[in-house]
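Below, all heavy atoms of this structure are taken into account, side chains as well, without hydrogens, waters or symmetry copies.
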Amino acid sequence: MKKVQIRVSGFVMVIVLLLSMLAACSSNEGGNKQTNAPATTTGNKEGAEKPDVTEETSKPVGTVKIVLPGDQPKDMAGVQKAMEEKLKADGLNIKLQFTYFPWDQYSNKLNLIAASGEDYDMAWTHVSWLSQITAKNVIIPLNDLLDEQGMQLKESIPAANFLSVSIDNKIYGIPTLVPTAENNNFFVIRGDLREKYNLAPIKTLADFEAYLDTIKKNEPDMVPIANDNNRALLREFGDVYLPLGDNGAGPAYIDPADPNLEVKSFFESDIFRKIVETKRRWYLNGWMPKDAQEIKDSETALNNGKIAATWSNVLKTSERIDAFKQTLPNGKLEDVFLNPEKPKYVFDAAGNLLSIFSTSKNSEGAMAFINWFRSNQQNYDLFSYGVKDVNYKLDGDAVSVEGIAENSTYNQVYWAWDDIRMKHFSKNVDPSYIENLKVWDNGSVVAPTLGFRFNADPVKSEIAQIDAVGAEYVGAAYSGFIDYEKFYPEFKSKLKSAGIDKIIAEVQKQFNDFKANQASK
């Protein structure tokens with residue numbers, strides 16, 4: 001397989017050029033090609049024109065019921081009122097209703113909403129869930145709705161991003177526009193503590209483990225690392241694309257550097273074994289929580305100085321920095337991306353999504369609302385940050401909450417619809433961090449899996465059984481609670497009985513069809 005590298009000057013151009021990269025790859029083994037692409041624009045804050053709502057369409061009415069994860073912002077009512085007034089002024093007679101579900105219940109709630117026919121319209125979803133939630137008919141294709149109510153979205157979001165949220169040419173979510181190359185494979189550490197103990201910047205697993213050990217020996221009131229994500233270890237032990245699953249686990253995987261692009265069982269791989277053995281070593285060394293109850297909320301623990309490392313992604317530090325600085329003003333967050341010299345793959349040109357429920361009674365209104373705030377800077381700021389000078393202030397181009405009353409805070413989950421062309425960063429974010437984001441995708445390798453989206457429907461019963469087996473073993477294994485050699489034989493036997501080989505075969509079949517289809521274009 002010939003690797004194709006992105007070598008352009010800025011992040012947004014990287015995303016737009018992914019489409020041409022796919023076309024360039026199509027003549028190579030494993031290459032991808034996209035046709036019939038909608039036009040794209042690449043506005044940014046510095047001088048380029050933003051996408052704006054200009055086209056008159058039929059105007060939906062009624063209430064749009066929105067589901068999001070986490071805790072409802074304190075001034076949600078005030079911001080909602082302001083949005084409804086602005087919607088009306090813009091000719092959209094739409095009311096809004098927000099429901100927030102706890103993180104540990106969220107994905108199950110989405111399934112229950114669809115299964116019970118509850119009347120909700122749109123929700124945050126993730127690209128890694130698409131195979132399962134489309135097979136369960138949780139969400140609907142958006143192609144027609146984009147044509148009817150989302151024309152500005154079609155024109156302003158690059159086709160490569162829509163390609164990554166499609167199954168059988170059906171678009172199932174409105175993607176964020178953010179850096180994409182291995183963007184979830186990070187840890188974050190306390191940079192101030194690394195510097196305090198004269199440790200070099202972390203680039204290898206050995207460096208990272210030296211940091212954890214130093215924290216264990218010198219900070220007795222801290223847990224060196226929370227146990228809440230394993231993706232950052234994938235780069236250490238292999239190159240992994242997971243067609244279904246997330247957080248560093250799933251029944252099937254593809255190595256993008258494999259010339260045969262063979263679909264293999266992740267749970268039966270050396271990669272899985274090495275991650276489990278690593279986490280077991282961390283646990284036995286006292287670097288991880290001793291039980292599931294010790295660190296219930298890693299974000300709170302990070303902000304309270306109870307942990308020294310946890311999961312991260314390419315944008316997460318910018319999202320968590322303000323809450324961190326409120327309690328630890330002299331602390332420093334520092335991202336860790338292991339083995340930076342290795343190829344940096346673009347597996348998906350999308351991550352977080354906004355999708356529309358199959359049970360929606362106002363799907364047109366939901367799409368019109370997304371189009372409204374994703375196509376206009378003022379509307380984007382209103383939904384993302386609240387009312388200017390009430391919920392936030394602007395310090396130059398930076399968002400600041402200094403002087404904002406506690407009951408006026410609006411800590412919205414804006415990462416669910418991030419668009420780096422319109423995004424404001426906190427003044428607590430180091431300018432060098434922002435500059436790094438702009439070039440993060442430079443030199444990345446477009447994986448031959450880009451655009452492949454597994455249809456889980458033919459094996460949905462087997463996937464449900466594998467999920468049940470995984471719930472019995474994988475969480476405990478990734479928590480370091482059990483030795484690999486002790487649980488693995490029984491785990492493997494149950495995987496076989498649950499039908500993992502059938503899943504692997506189905507993924508391979510669909511991926512072969514995908515490659516053949518790309519080669520014929």
Side-chain angles (χ1 to χ4, degrees), residues 58-84 86-88 92-146 148-150 153 165 167 170-176 246 350-374 379 382-384 410-418 456-457 460:
S58 58
K59 304 290 179 64
V61 297
T63 299
V64 174
K65 300 179 180 180
I66 302 164
V67 173
L68 295 171
D71 297 323
Q72 179 170 295
K74 290 184 178 178
D75 195 26
M76 186 72 252
V79 177
Q80 178 178 325
K81 182 175 182 291
M83 284 195 289
E84 290 175 348
K86 183 62 164 58
L87 282 161
K88 186 174 181 180
L92 289 171
N93 190 18
I94 290 175
K95 299 293 184 181
L96 303 171
Q97 178 179 308
F98 292 88
T99 300
Y100 289 78
F101 292 122
W103 276 100
D104 60 352
Q105 302 174 23
Y106 187 80
S107 60
N108 285 336
K109 286 288 188 181
L110 299 188
N111 294 327
L112 290 172
I113 286 169
S116 62
E118 290 185 72
D119 180 15
Y120 290 101
D121 298 303
M122 60 176 269
W124 166 70
T125 62
H126 193 271
V127 69
S128 63
W129 305 349
L130 283 188
S131 295
Q132 291 96 322
I133 61 178
T134 55
K136 294 177 180 178
N137 196 35
V138 175
I139 59 176
I140 60 171
L142 304 180
N143 303 59
D144 291 342
L145 287 168
L146 279 164
E148 296 164 4
Q149 303 295 339
L153 292 169
V165 298
I167 298 176
K170 297 175 182 178
I171 298 169
Y172 283 96
I174 305 302
T176 55
D246 196 18
N352 294 309
L353 315 172
L354 293 177
S355 298
I356 294 179
F357 282 109
S358 59
T359 57
S360 171
K361 294 183 179 179
N362 194 6
S363 59
E364 290 187 355
M367 180 58 71
F369 173 67
I370 300 171
N371 190 77
W372 174 79
F373 79 82
R374 280 291 298 271
N379 300 341
L382 182 56
F383 188 27
S384 300
Y410 179 71
N411 298 318
Q412 185 57 274
V413 293
Y414 57 79
W415 46 262
W417 52 83
D418 255 341
D457 194 57
K460 60 184 179 182

Residues which pass side chain to side chain donor-acceptor pair (under 3.5 Å) with [X], listed by chain and number, not counting sequence neighbours:
X	answer
Asn352	Trp124
Lys95	none
Lys460	Asp457

To check you understand the geometry: which heavy-atom pair defines the closest contact between [X] and [Y], and what is its length?
X	Y	value
Pro60	Leu92	CD-CD2, 4.1 Å
Thr176	Trp415	CG2-O, 3.5 Å
Gln132	Ser128	OE1-O, 3.6 Å
Ala350	Val127	O-CG1, 3.5 Å
Gly173	Pro175	O-CD, 3.4 Å
Pro69	Val413	O-CG1, 3.7 Å

Are any of the side-chain heavy atoms of [X] and [Y] separated by less than 4.5 Å?
X	Y	result
Met76	Tyr410	yes
Tyr172	Ile133	no
Leu382	Trp372	yes
Leu110	Tyr120	no

Which pairs would a plain distance check flag for residues 134-143, meaning a side-chain donor or acceptor within less than 3.5 Å of a matching protein atom at least two apart in sequence or in another chain?
{"residue": "Thr134", "atom": "OG1", "partner": "Leu130", "partner atom": "O", "Å": "2.6"}
{"residue": "Thr134", "atom": "OG1", "partner": "Ser131", "partner atom": "O", "Å": "3.3"}
{"residue": "Asn143", "atom": "OD1", "partner": "Ile171", "partner atom": "N", "Å": "2.9"}
{"residue": "Asn143", "atom": "ND2", "partner": "Asn169", "partner atom": "O", "Å": "3.1"}

Test salt bridge (Lys or Arg N to Asp or Glu O under 4.0 Å) applied to Lys170 - qualifying residues, sequence neighbours left out: none
Derivation and outcome, side chain to side chain contact (heavy atoms under 4.5 Å, CB included), residues Met367 and Glu148: CA-CA 9 Å; Met367 180 58 71; Glu148 296 164 4; over 6 Å; no
Of all pairs that satisfy salt bridge (charged side-chain N to carboxylate O under 4.0 Å, His left out), the ones with a partner from residues 100-119, not counting sequence neighbours: Lys65-Asp119
Which residues share a ring pair (Phe, Tyr, Trp, His ring centres under 6.0 Å) with Phe373, sequence neighbours left out: Phe369, Phe383, Trp417
Distance, nearest 0.5 Å, that separates [atom1] of [X] from [atom2] of [Y]:
X	Y	atom1	atom2	result
Asn411	Asp75	CG	CG	11.0 Å
Leu87	Ile94	CG	CD1	6.0 Å
Asn379	Arg374	CG	CZ	12.5 Å
Glu84	Lys81	CD	NZ	9.0 Å

Full working for side chain to side chain contact (heavy atoms under 4.5 Å, CB included) between Asn371 and Gln149: CA-CA 7 Å; Asn371 190 77; Gln149 303 295 339; 5.8 Å; no
side-chain contact (heavy atoms from CB on, under 4.5 Å) partners for Asn362, two or more places apart: Val64, Asp121
side-chain contact (heavy atoms from CB on, under 4.5 Å) involving Lys74 - partner list, sequence neighbours excluded: Glu406, Thr409
Side-chain donor/acceptor pairs under 3.5 Å, residues 96-103, sequence neighbours excluded:
{"residue": "Tyr100", "atom": "OH", "partner": "Gln412", "partner atom": "OE1", "Å": "3.0"}
{"residue": "Tyr100", "atom": "OH", "partner": "Gln412", "partner atom": "NE2", "Å": "3.0"}

